[in-house]
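Single-structure report; data block below.
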Amino acid sequence: MVTQFSRGQKAQLSAVTQSTDLYIGVQINAPGEWDISCFGLDTSDQLSDDRYFVFFNQPSSPEGSVRQLGPQQGDSQAFQVNLDRVPTSIGRLSFCAALDGVGSASAIASGCLRIVAGGTEVLRYAFTGADFTSERAVMIGDLYRKGVWRIAAIGQGFQGGLAELIRSYGGEVADEPQAAAPPPLPAAPPRPVHDQRKTAPPAAPPPPAVPPARQQPASGQPGYGASPGQPGQPGYGPPPGQPGQPGYGPAPGQPGQPGYGGQPGYGGQPTPAGQPAYAGAAGGMPGAQPPVPAAGFGGPEPLPSQVQPTQPGALNSLAPYRELPTTGRWTQQNGKLVKVTLGEDALALRGAMVAYQGNIEFDYKSAGLRGLIEGKLTGQSLKLMTCKGQGEVFLAQDAADLHIVELGNSSLCINAKNLLAMDATVRTEVRRIESAGIPGGGLFHFEVSGPGTVVVMTKGSPMTLPVAGPTFADMNALVAWTTGMRVSVSTQVRISRQIYAGSSGEALALQFMGFAGHFVVVQPYEV
């Protein structure tokens, strides 16, 4: 049975076929000549090794894991892919087509990408020119790693032709004008580059391929994308930068701040030099996983020679915010959004789903009659849904700061208002702190126990206080604390305060007493 994919659909390859020796066929029925190629990209989606650009002038990768077969079985171009032989440095195989000549992708009458395993077609993604406008190249589909091999139907148009597509992936093109003739180099085999004439590379070998991020325009020559101007003057296009800086793109940030747009990290506060921009990663929740910083958010400031121009197209403009690779069952996408990879069920607040991929079902999670009564009496209730199936669910709530906390086999006391999601294996129970000093005679909270993981929400960056002696925390700012401590109430209210006007506003606080290893977590916000 052939699995039909639609534009934007993703799935694990194992859901389609267990084979790793695949035939990839691409059909394009359209006017003009279309160059169909495969880009072997690294984990940063860059063509860091141009030996893994498989096209008409280079029909095979070094070890033969990807081979171009030419037209086969009615396909305009075909590839043989052995995923077991693809080196770990290659994280994505992107199959693309570019028009060689005039025209656009809107003229495509019909096209498809299909996968054949063991002589049987197992997947087909069909597309037409109605999916595109004036683009001259198409990113058709990808095979990529996320723990396991996956398949994605991309269907994304690209305004430039093949040369611009190569540059967008960080590659070089032989026909690109050089600012000045390089000095003679020792004889060496030329690196394979795209030749618009589809002939052998030019007699003069090109300079060694260097990722564009490390290239600078020569003095007196135009920068990327600019036409040549007068000697010593830049051509039209973006204004030139200061000496040692590029003349395009966002300005680099200050030391200790991210370079994307020169803006500070999460929370809008400048990051001190040598400290992470994500405040939850330092002094935040113990056991919490710091987020993997997206490009431009909390990462190191790029050198001026590393700043690249933004290529045309919305996909390239939004590249700094792309989905981060899966690093486990729970993956921090940024400070305010997490991703859970399903297999086993997960629980989350109703309405917390912002996106999902795969075959996912969301079911109402009932707390039962006892849970309903407890919620009414204690205020510690959770309105949960069950996320189940195969795929990935992205969760967030009111742009709150999120922290992934691995419980292991330990327990944690937490305010129900600060819980976003958890593994279905986590046990929860409403507990009461008995104290005559608390209005109503007690304080209720949730106790969560492992094994499993919980996702904790805070307003702003939390602070963790080790309990090495008497430690006090405002009841309204308290997020969580370790179980096993002695908890009591400390009050600043005196009889005179009740008789005379005026109050500090800090009437009640909880006092914690515990041994080494205990802690409390507070947030810079009072509920």
Side-chain angles (χ1 to χ4, degrees), residues 265-268 278-281 284-285 287-294 297-298 321 323-324 326-342 345-358 360-367 371 375 378-389 391-407 412-426 428 430 444-448 452-464 476-480 521-527:
Y266 297 115
Y278 177 69
M285 297 288 293
Q289 299 176 356
V292 180
F297 278 92
Y321 316 110
E323 175 191 352
L324 297 183
T326 299
T327 57
R329 174 165 165 80
W330 297 87
T331 303
Q332 193 106 29
Q333 292 295 300
N334 55 50
K336 303 180 186 299
L337 193 146
V338 298
K339 174 176 67 176
V340 55
T341 302
L342 297 182
D345 293 353
L347 303 177
L349 291 182
R350 296 175 208 163
M353 183 274 293
V354 297
Y356 69 91
Q357 297 174 329
I360 310 294
E361 293 182 3
F362 301 95
D363 288 342
Y364 172 82
K365 172 68 174 177
S366 173
T378 67
Q380 297 291 308
S381 62
L382 290 172
K383 296 181 179 180
L384 297 175
M385 63 181 179
T386 302
C387 310
K388 57 185 179 181
E392 300 162 335
V393 180
F394 299 83
L395 302 170
Q397 183 79 355
D398 297 332
D401 292 330
L402 303 183
H403 316 273
I404 300 173
V405 181
E406 301 283 352
L407 292 175
L412 190 68
C413 301
I414 190 169
N415 192 321
K417 292 182 175 63
N418 295 97
L419 268 177
L420 174 72
M422 68 188 83
D423 286 320
T425 56
V426 173
T428 63
V430 176
F444 295 93
H445 63 279
F446 250 77
E447 182 175 301
V448 293
T453 299
V454 296
V455 180
V456 179
M457 298 185 291
T458 63
K459 293 285 189 178
S461 301
M463 178 179 66
T464 300
N476 294 317
L478 188 62
V479 175
V521 181
V522 294
Q523 62 187 3
Y525 177 88
E526 293 191 359
V527 178

Sidechain-backbone polar pair: Thr458 side chain, Gly460 backbone, donor-acceptor under 3.5 Å
yes

Exam field: side chain Asn418 to backbone Met457, donor-acceptor pair closer than 3.5 Å:
yes

For the backbone of Leu337 and the side chain of Asn334, can you confirm whether one donor and one acceptor N or O come within less than 3.5 Å of each other?
yes

Flag side-chain contact, heavy atom, 4.5 Å: Met422 against Thr428:
yes

State whether the side chain of Gln397 and the backbone N or O of Leu419 hold a donor-acceptor pair below 3.5 Å, judged by distance alone.
no

State the CD1-CG distance between Ile360 and Leu342, to the nearest 0.5 angstrom.
4.5 Å

Within the side chain of Arg329, is there an N or O that forms a donor-acceptor pair under 3.5 Å with the backbone of Thr341?
yes

Does Tyr356 have any ring-ring contact (aromatic ring centres under 6.0 Å, His included) partners at least two apart in sequence or in another chain, and if so, which?
Phe362

Quick check: does any side chain N or O of Gln523 sit under 3.5 Å from a backbone N or O of Lys459, one acting as donor and the other as acceptor?
yes

Side-chain ion pair, Lys336 and Asp401, N-O less than 4.0 Å:
yes

Name all residues meeting the salt bridge (charged side-chain N to carboxylate O under 4.0 Å, His left out) criterion together with Glu447; count only those two or more places apart in sequence or in a different chain, and write none if there are none.
Arg431

List for me each residue that meets salt bridge (charged side-chain N to carboxylate O under 4.0 Å, His left out) alongside Lys388, sequence neighbours excluded, and say none if there are none.
Asp363

Which distance, rounded to the nearest 0.5 Å, do you find between the CD1 of Ile404 and the OG1 of Thr331?
6.5 Å

Whether the side chain of Gln357 engages the backbone of Val393 through a donor-acceptor N/O pair (distance < 3.5 Å, no angle test) should be reported.
no

Minimum-distance pair of heavy atoms, taken over all atoms of Ala346 and Val340
CB-CG2, 4.2 Å

Gap separating the CG atom of Asp345 from the OG1 atom of Thr386, nearest 0.5 angstrom:
6.5 Å

Under the side-chain hydrogen bond (donor to acceptor under 3.5 Å, both in side chains) rule, collect the residues that match up with Glu323, sequence neighbours excluded.
Lys146, Lys339

Taking Val521 as the fixed residue, which of Thr464, Val405, Leu478, Asn415 is the one that meets the side chain to side chain contact (heavy atoms under 4.5 Å, CB included) rule?
Thr464

